[in-house]
**Student:** 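A single structure is presented below for examination.
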Amino acid sequence: PVPTLGLRVSGLASRRYRAPGAEEFQDGARGIWLPAGRSFSPLVGALGFLAERIDQFHLRVEQPLVDGLTVTGVVFRQLVENQNATVFGVPHQRPGRTTGHYFVTPTGDVDIRGWSTGIERRTETGLQAGVLYTEADARWTATPAPVLALLAALSPAMVHPSQERLRDVTASAEGHVPWIDTGFAVLYRVDARPGVVNNTTPARFDVQLSQALPFLSFNGSQWKAVVSVRNLVYTDLSDTSLYDEVSVVRPPKLVAGGVTVRF
C-alpha cells in the first residue's frame, strides 16, 4: 500500500488437516529426510486416531528498515479441532514396545487468538537471522474425560485450564560460510507459559551443519556431510497450530548424520 516505504501487507485464510503421527513420514523442513524410526499408537485405545483440523486466519505487516532489517507484526486466530498431544517416555509401556514408541491423543478443541512481532535481518552474504515473540489467549473446550485422567498422571502441564495464555520466543539463524563452504541452520524455541513443569521440556532446538566435500565431487556431482541434532518434533512450524509443539511431552533428542549427493 505504500511503495515508497516498502510497507507490505498480506493475509491468509486456510484449513489444514494433520494425521496423528504424520511428522514421522514427512520430509524435514531443511532437506534431511529419514525413514520413520519410531512407532506410535493412541494413548486411549477407545478414542483411536483423530485427525487434527486447523482453521487459520492472519494479517501480516512487514516494514523494511536499514541494513537489511525488517520488522514484522501479525495478528492471528486459529480454530483447532482435536488438538493432538504427543507423549514420549510413558512408563510401563505395553510388552513388546521399543523405547522409540510414543503415544498420540486428542486433547480437545481450542480457540487461539493472538499476535506476534519480530525482527529479522538478511545480509548480502546470505546470512539470515531473526527473533520472534508470540503471545496468545486460548480457550479450551470438549476435552475427553479419559484423556484428562491420563495426562494428569503423566504430565500435569498438559491439563489445560479453560482459558490459558501462551507466550513463545523463537530465535533462528541460517547462513553459509563461503571460505570453508560450511552451511548452518539453528532454531531455538522457548515456551514461556506460566506453570510449565520439567517433563514438558519448554526449550526446543534444531541445529544442522553441512560441510562440502569437494574431493569426492566428480562429473558435476556435489557431496556434503550433514549433521543434525534436535529435539524439535515439528520441523515446519508454519504448518502447525500454536499448540502442536507445545503439546509434546518429554521429546527425545534426535542425532542424525550422513552424506548427501546431488547430481
Side-chain angles (χ1 to χ4, degrees), residues 1-18 22-23 26-32 52-81 83 110-139 164-178 182-193 203-210 230 232-247:
V2 188
T4 56
L5 296 179
L7 181 68
R8 181 174 180 175
V9 180
S10 60
L12 170 72
S14 68
R15 169 169 289 183
R16 295 172 177 168
Y17 289 86
R18 294 187 62 87
E23 60 279 359
Q26 291 179 329
D27 291 359
R30 296 191 175 97
I32 291 184
E52 178 181 291
R53 190 188 79 187
I54 308 168
D55 292 336
Q56 183 172 208
F57 312 90
H58 82 221
L59 181 67
R60 177 185 177 93
V61 178
E62 300 178 12
Q63 176 60 63
L65 301 177
V66 294
D67 296 329
L69 287 172
T70 301
V71 176
T72 63
V74 180
V75 291
F76 64 88
R77 183 178 184 184
Q78 292 182 335
L79 299 170
V80 186
E81 183 179 284
Q83 171 65 59
V110 59
D111 182 354
I112 309 168
R113 306 185 189 203
W115 58 273
S116 65
T117 184
I119 186 168
E120 60 183 33
R121 183 182 184 188
R122 298 188 181 190
T123 67
E124 295 180 355
T125 60
L127 175 65
Q128 178 179 344
V131 178
L132 179 69
Y133 174 79
T134 302
E135 185 169 319
D137 292 310
R139 180 170 296 178
E164 183 176 33
R165 173 157 293 185
L166 287 171
R167 294 185 179 93
D168 179 279
V169 180
T170 301
S172 62
E174 187 171 356
H176 182 260
V177 184
T182 301
F184 65 90
V186 180
L187 187 145
Y188 189 80
R189 180 178 180 180
V190 178
D191 172 18
R193 282 179 302 157
R204 308 292 167 88
F205 61 87
D206 184 357
V207 180
Q208 181 176 313
L209 297 175
S210 64
R230 64 181 172 92
L232 196 74
V233 173
Y234 294 87
T235 54
D236 187 0
L237 299 180
S238 64
D239 194 34
T240 62
S241 89
L242 203 59
Y243 268 101
D244 279 346
E245 188 66 40
V246 170
S247 299

**Student:** Could you tell me if Thr240 and Glu245 have a donor-acceptor pair between their side chains, going purely by distance under 3.5 Å?
**Tutor:** no
**Student:** At what distance, to the nearest 0.5 angstrom, does OG1 of Thr70 lie from CD of Glu120?
**Tutor:**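 Here the interatomic distance stands at 5.5 Å.
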**Student:** State, to 0.1 Å, how close Ile112 and Ala136 come at their nearest heavy-atom pair, and which atoms those are.
**Tutor:**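 The pair with the smallest heavy-atom distance is CG2-CB, 3.7 Å.
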**Student:** Are side-chain N/O atoms of Gln83 and Glu52 paired as donor and acceptor at under 3.5 Å?
**Tutor:**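 Yes - a donor-acceptor pair under 3.5 Å links their side chains.
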**Student:** Is there a donor-acceptor contact under 3.5 Å linking the side chains of Tyr243 and Glu164?
**Tutor:** yes
**Student:** So, do Arg8 and Val61 sit near enough that their side-chain heavy atoms are less than 4.5 Å apart?
**Tutor:** no
**Student:** For Pro64 and Gly6, which heavy atoms make the closest approach, and how far apart are they?
**Tutor:** CD-O, 3.1 Å
**Student:** Rounded to the nearest 0.5 Å, what's the gap from CG on Leu187 to CD on Gln208? Could you check?
**Tutor:** 11.5 Å
**Student:** Show, in sequence, the C-alpha distance, side-chain angles and deciding distance for Val71 and Leu65, and conclude whether the side chain to side chain contact (heavy atoms under 4.5 Å, CB included) test is met.
**Tutor:** CA-CA 7 Å; Val71 176; Leu65 301 177; 3.5 Å; yes
**Student:** If you count heavy atoms of other groups shown closer than 6.0 angstrom to CZ of Arg53, is the number above 12?
**Tutor:**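 Counting other residues, nucleotides and ligands, CZ of Arg53 exceeds 12 neighbours.
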**Student:** Can you find a pair of side-chain heavy atoms, one from Thr117 and one from Thr72, that are under 4.5 Å apart?
**Tutor:**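 Side chain of Thr117 against side chain of Thr72, heavy atoms only: no contact under 4.5 Å found.
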**Student:** Using a 4.5 Å cut-off on heavy atoms from C-beta on, say whether the side chain of Arg18 contacts that of Tyr234.
**Tutor:** yes
**Student:** When rounded to the nearest 0.5 angstrom, what is the spacing between CD in Gln128 and CD in Glu174?
**Tutor:** 6.0 Å
**Student:** Between Val110 and Ala138, what is the shortest heavy-atom contact and its length?
**Tutor:**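 The answer is CG2-CB, 3.7 Å.
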**Student:** Is there a donor-acceptor contact under 3.5 Å from the side chain of Gln63 to the main chain of Gly73?
**Tutor:** no
**Student:** Are Arg113 and Val75 close enough that some pair of their side-chain heavy atoms sits under 4.5 Å apart?
**Tutor:**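 No, their side chains stay 4.5 Å or more apart.
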**Student:** Any side-chain heavy atom of Leu166 within less than 4.5 Å of one from Leu242?
**Tutor:**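 Yes, at least one pair of side-chain atoms sits under 4.5 Å.
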**Student:** Is the closest side-chain donor-acceptor distance between Gln78 and Gln56 under 3.5 Å?
**Tutor:** yes
**Student:** I'd like to know if Asp206 pairs up with Arg189 as an ion pair, taking the criterion as any Lys NZ or Arg NE/NH1/NH2 lying under 4.0 Å from an Asp or Glu carboxylate oxygen.
**Tutor:** no
**Student:** Can we say Asp137 and Arg165 salt-bridge, meaning some charged N sits less than 4.0 Å from an Asp/Glu carboxylate O?
**Tutor:**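 Salt bridge flag = yes for Arg165 with Asp137.
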**Student:** Which atoms form the tightest heavy-atom contact between Thr134 and Ser116, and what is the distance?
**Tutor:** OG1-CB, 3.4 Å
**Student:** Considering all heavy atoms of both residues, which atom of Tyr188 and which atom of Ala203 are nearest to each other, and what is their separation?
**Tutor:** OH-CB, 3.3 Å
**Student:** Would you call Arg204 and Asp191 a side-chain contact if the rule is heavy atoms closer than 4.5 Å?
**Tutor:** no
**Student:** Are Ile54 and Arg15 packed together at the side-chain level, in the sense that at least one heavy-atom pair is separated by less than 4.5 angstrom?
**Tutor:**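 They are not in contact (no side-chain heavy atoms under 4.5 Å apart), so the answer is no.
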**Student:** Quick one: does Arg77's side chain get under 4.5 Å of Asp111's, heavy atoms only?
**Tutor:** yes
**Student:** Just verifying a value: how many Å separate Trp115 CH2 and Phe76 CZ, rounded to the nearest 0.5 Å?
**Tutor:**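 CZ of Phe76 is found 9.5 Å from CH2 of Trp115.
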